[in-house]
*Asks:* 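Got a structure for you, questions after.
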Amino acid sequence: MTATKAFAAQSPTSGMAPHTIDRRDPRPDDVAIEIDYCGVCHTDIHFAQNDWGITEYPVVPGHEIVGRVTAVGPEVKSFNVGDVVGVGCMVDSCRTCSACEAGLEQYCSEGMTSTYNGQDRHDHSITFGGYSERITVSERFVVRIPEKLDIKAAAPLLCAGITTYSPLRHYGVKAGHKVGVIGMGGLGHMGVKFARALGAEVTIFTRSESKVAEAKKQGADHVVISTDEDQMAAAAETFDFMLDTVPVQHDLNPYLNCLKHDGTHILVGLLEPVEPPVEAGALVFKRRVLAGSLIGGMPETQEVLDFCAEHDISCDVEMLDINNLNEAYERMKKGDVKYRFVIDMHTLKNG
């Protein structure tokens, strides 16, 4: 075991503060990684503050991890010391169910092991995430960062990136399709970039007039102000897909009515019961689909990194000193970041 500097929450109200954790020595199939950068996801706030009532304290968040390999176990074949690698939202799964065998570990029948606040399948310890100096992870759950990518901006691709890429690929978005992206935050701006790269015509739906210019800058072909009844009426039965990135309660019905027949509305942000209820007739009479999607499996996570390198796509990031983490959380709650904070982990190591 190696004593490791980290930042942790000790309770729902403690805020994030320095903490020391133990990292295991590499098992035969493990990769030991010195962390250089870690993205900050809104999920981190939910766990730090126990918004979902499932947090085990102390909790060390962080599941958008990029760093360099420092050691490998004797069974590791794909990575060598010095390689630049990434770790996303999961660090293990049962590996034997039909989902795992299909490379869809995120849908493991036993439940994936989360990068933090999960339970290790071997020693049953609670997992700690990327707000730390280093991490040790099974080779299967490590991905290679292409040389062409800026490694700082690559970190959020391991959550925000794969979360929006996976459903677009799964549902076959391609040239000729019209895609609406609901919300213009960390997920939404990546959804625009991916849909455009796949050849679709992309429209951002936002409540804010102030985001119109920014949406166009990110590559949106059109912008609809969702609070404007005339604009929403003009968008009716127009879209093949709606990628819904909004993480809080919102009325889905106006957006469902923007879909053509056989259109698909994909939820990637909301995890709570839908309020108000969905009008079933909006689905039945147009054979529309209301779907959901969760990150991606390990093959697809590598695919999205390679896709970003090929198409020169990266996440817009603001670099963060880890000592300013609590302030960053408050800014994120207000939507005051474009579009992802990334912690420079040297501020932890040198602090």
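Residues take their numbers from the sequence shown, with the count starting at 1.
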*Asks:* Is the backbone of Val278 close enough, under 3.5 Å, to the side chain of Asn253 for a donor and an acceptor to pair up by distance?
*Replies:* no
*Asks:* Search all heavy atoms of Ser208 against all heavy atoms of Ile225 and return the closest pair with its distance.
*Replies:*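 Smallest interatomic distance, heavy atoms only, reads O-CD1, 3.8 Å.
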*Asks:* Just how far is it from atom CG of Asp228 to atom CD of Glu209, taken to the nearest 0.5 Å?
*Replies:*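 Going from the CG atom of Asp228 to the CD atom of Glu209 covers 7.5 Å.
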*Asks:* Check whether any side-chain heavy atom of Leu256 sits under 4.5 Å from a side-chain heavy atom of Glu279, and report yes or no.
*Replies:* no
*Asks:* Evaluate the side-chain proximity of Val289 to His265: yes if any heavy-atom separation is below 4.5 Å, no if none is.
*Replies:* no
*Asks:* Quick one: closest heavy-atom pair of Leu320 and Val40, and the distance?
*Replies:* CD2-CG2, 4.2 Å
*Asks:* Could you check whether any side-chain N or O of Gln119 sits under 3.5 Å from a backbone N or O of Thr113, counting only pairs where one atom can act as donor and the other as acceptor?
*Replies:* no
*Asks:* Is the closest basic N to carboxylate O distance between Arg140 and Asp30 below 4.0 Å?
*Replies:* no
*Asks:* Any side-chain heavy atom of Thr55 sitting closer than 4.5 Å to one from Pro12?
*Replies:* no
*Asks:* Do you know the tightest heavy-atom contact between Val72 and Phe79?
*Replies:*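 What the structure gives for the nearest pair is CG1-O, 3.7 Å.
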*Asks:* Report the residue from Arg288, Lys286, Arg287 that forms a side-chain hydrogen bond (donor to acceptor under 3.5 Å, both in side chains) with Asp262.
*Replies:* Arg287
*Asks:* Do the non-hydrogen side-chain atoms of Thr301 and Leu158 ever get within less than 4.5 Å of each other?
*Replies:* yes
*Asks:* Say you draw a straight line from CD of Gln106 to SG of Cys89; how long is it, rounded to the nearest 0.5 Å?
*Replies:* 10.0 Å
*Asks:* Going by distance alone, is a donor N or O of one side chain under 3.5 Å from an acceptor N or O of the other, for His46 and Asp51?
*Replies:*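 A donor-acceptor contact under 3.5 Å links the two side chains.
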*Asks:* Report the C-alpha distance between Ile182 and Thr206 in whole Å, list the side-chain angles of each, state the deciding distance to 0.1 Å, and finish with yes or no for side-chain contact (heavy atoms from CB on, under 4.5 Å).
*Replies:* CA-CA 6 Å; Ile182 307 170; Thr206 177; over 6 Å; no
*Asks:* Before we go on, tell me: are the rings of Phe239 and Phe205 under 6.0 Å apart, centre to centre?
*Replies:*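 Close enough - the centres of the two rings lie under 6.0 Å apart.
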*Asks:* If you count the non-hydrogen atoms of other residues, nucleotides and ligands that lie under 6.0 Å from NE2 in His122, is the total more than 12?
*Replies:* yes
*Asks:* Verify side-chain contact (heavy atoms from CB on, under 4.5 Å) between Lys216 and Val223, making sure each step is shown before the conclusion.
*Replies:* CA-CA 8 Å; Lys216 294 288 186 68; Val223 182; 4.0 Å; yes
*Asks:* Does one hydrophobic cluster hold both Leu252 and Met232, with members joined at side-chain heavy-atom distances below 4.5 Å?
*Replies:*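 Both belong to a single hydrophobic cluster.
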*Asks:* Do Met16 and Met319 land in one hydrophobic cluster if side-chain heavy atoms of ILVMFWY residues count as linked below 4.5 Å?
*Replies:* yes
*Asks:* Of Phe128, Tyr116, Phe47, Phe141, which is the lone residue that meets ring pair (Phe, Tyr, Trp, His ring centres under 6.0 Å) with His63?
*Replies:* Tyr116
*Asks:* Answer yes or no: are there more than 12 heavy-atom neighbours, outside Lys217 itself, under 6.0 Å from its atom NZ?
*Replies:* no
*Asks:* Using 0.5 Å steps for rounding, measure from the SG atom of Cys315 to the OH atom of Tyr339.
*Replies:*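 Interatomic distance, Cys315 SG to Tyr339 OH, rounded to 0.5 Å: 10.0 Å.
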*Asks:* Keeping the roles fixed (side chain from Arg331, backbone from Asp336), state whether a donor-acceptor pair exists under 3.5 Å.
*Replies:* yes
*Asks:* Any salt bridge between Lys333 and Glu330, counting N to O under 4.0 Å?
*Replies:* yes
*Asks:* When clusters are formed by joining ILVMFWY residues with side-chain heavy atoms under 4.5 Å apart, either directly or through shared neighbours, do Met190 and Leu270 land in the same one?
*Replies:*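 Different hydrophobic clusters.
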*Asks:* Within the distance-only criterion (no hydrogens, no angle test), does the side chain of Asn50 pair as donor or acceptor with the backbone N or O of Ile54 below 3.5 angstrom?
*Replies:*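 The answer is yes, because a donor-acceptor pair under 3.5 Å joins these two groups.
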*Asks:* Taking C-beta and beyond as the side chain, do Cys308 and Leu149 meet within less than 4.5 Å on heavy atoms?
*Replies:* yes
*Asks:* Take Thr4 and Glu133 through the side-chain hydrogen bond (donor to acceptor under 3.5 Å, both in side chains) test and state the conclusion after the steps.
*Replies:* CA-CA 6 Å; Thr4 299; Glu133 294 180 282; 5.0 Å; no
*Asks:* Between Lys349 and Glu34, does at least one N-O distance fall below 4.0 Å, as a salt bridge requires?
*Replies:*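 Looking at Lys349 and Glu34, the cut-off is met.
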*Asks:* Using the rule given for side-chain hydrogen bond (donor to acceptor under 3.5 Å, both in side chains), can you reason through Glu201 versus His222, listing the C-alpha separation, both sets of side-chain angles and the distance that settles it, and then say yes or no?
*Replies:* CA-CA 8 Å; Glu201 180 180 326; His222 315 285; 2.8 Å; yes
*Asks:* Flag yes if more than 12 heavy atoms outside Arg207 fall under 6.0 Å of its CZ atom; otherwise flag no.
*Replies:* no
*Asks:* Answer yes when Arg340 and Asp316 have at least one side-chain N-carboxylate O distance shorter than 4.0 Å, and no when they do not.
*Replies:* no
*Asks:* Flag the pair Glu237 and Lys260 as a salt bridge only when some basic side-chain nitrogen lies within less than 4.0 angstrom of an acidic carboxylate oxygen.
*Replies:* no
*Asks:* Heavy-atom count check: over 12 atoms from other residues, nucleotides or ligands less than 6.0 Å from Glu272 CD?
*Replies:* yes
*Asks:* Are Tyr107 and Leu267 linked, directly or through other ILVMFWY residues, by side chains that come within less than 4.5 angstrom of each other?
*Replies:* no
*Asks:* Measure from the side-chain N and O atoms of Thr163 to the backbone N and O of Cys159, and report whether any donor-acceptor pair falls under 3.5 Å.
*Replies:*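 Judged by distance alone, yes, a pair lies under 3.5 Å.
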*Asks:* Using modelled atom types only, decide if a donor and an acceptor are shared between the side chain of Thr43 and the backbone of Cys41 within a distance under 3.5 Å.
*Replies:*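 Between the backbone of Cys41 and the side chain of Thr43 there is no qualifying donor-acceptor contact (under 3.5 Å).
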*Asks:* Are the ring centres of His19 and Phe7 closer than 6.0 Å?
*Replies:* no
*Asks:* Between the side chains of Arg196 and Asp221, is the shortest nitrogen-to-carboxylate-oxygen separation below 4.0 Å, so that they form an ion pair?
*Replies:*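 Yes, charged N to carboxylate O under 4.0 Å.
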*Asks:* Would you kindly confirm whether Val179 and Ile313 end up in one hydrophobic cluster when ILVMFWY residues are joined by side chain heavy atoms under 4.5 Å apart?
*Replies:* yes
*Asks:* Do Cys94 and Met112 touch side chain to side chain, with heavy atoms closer than 4.5 Å?
*Replies:*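 They are not in contact (no side-chain heavy atoms under 4.5 Å apart), so the answer is no.
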*Asks:* Between Asp306 (side chain only) and Glu303 (backbone N and O only), is there a donor and an acceptor less than 3.5 Å apart?
*Replies:* no
*Asks:* Any donor and acceptor pair, going by atom type alone, linking the side chain of Asn350 with main-chain N or O of His346 inside 3.5 Å?
*Replies:* yes
*Asks:* Strictly distance-based, threshold 3.5 Å: is any side-chain N or O of His189 a donor or acceptor partner for the main-chain N or O of Gln218?
*Replies:*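 Between the backbone of Gln218 and the side chain of His189 there is no qualifying donor-acceptor contact (under 3.5 Å).
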*Asks:* What's the verdict on side-chain hydrogen bond (donor to acceptor under 3.5 Å, both in side chains) for Asp44 and Tyr329, showing C-alpha distance, side-chain angles and the deciding distance?
*Replies:* CA-CA 9 Å; Asp44 300 347; Tyr329 275 14; 4.8 Å; no
*Asks:* Can you see which heavy atom on Ser132 is nearest to which on Ala6, and at what distance?
*Replies:*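 Taking Ser132 first and Ala6 second, the nearest heavy atoms are CB-CB, 3.8 Å.
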*Asks:* Is any side-chain heavy atom of Tyr57 less than 4.5 Å from a side-chain heavy atom of Gln10?
*Replies:* no
*Asks:* Taking the side chain as every heavy atom from C-beta outward, state whether Val87 and Ile33 have any pair of such atoms under 4.5 Å apart.
*Replies:* yes
*Asks:* Taking the inter-plane angle between the rings of Tyr165 and Phe307 on a 0 to 90° scale, is it parallel (under 30°), tilted (30 to 60°) or perpendicular (over 60°)?
*Replies:* tilted
*Asks:* Would you give the length of the straight line joining atom CD1 of Ile322 to atom CD1 of Ile343, rounded to the nearest 0.5 angstrom?
*Replies:*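 Going from the CD1 atom of Ile322 to the CD1 atom of Ile343 covers 4.5 Å.
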*Asks:* Would you say the side-chain atoms of Arg24 and Thr2 include a donor-acceptor pair closer than 3.5 Å?
*Replies:* no
*Asks:* Sort out for me which residue in Val246, Thr245, Asp244 forms a side-chain contact (heavy atoms from CB on, under 4.5 Å) with Leu187.
*Replies:* Thr245
*Asks:* If I take atom CD1 from residue Ile135 and atom CD1 from residue Ile65, how far apart are they, to the nearest 0.5 angstrom?
*Replies:*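 Reported to 0.5 Å precision, the distance equals 4.0 Å.
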*Asks:* Can you tell me how far OG of Ser138 sits from CZ of Arg27, rounded to the nearest 0.5 angstrom?
*Replies:* 9.0 Å
*Asks:* Provide the closest heavy-atom pair for Ile266 versus Ser293 in the form atom of the first, atom of the second, distance.
*Replies:* CG2-CB, 4.2 Å
*Asks:* Please answer whether the main-chain N or O of Phe241 pairs with a side-chain N or O of Lys178 as donor and acceptor at a distance below 3.5 Å.
*Replies:*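 Looks like no, no N/O pair under 3.5 Å.
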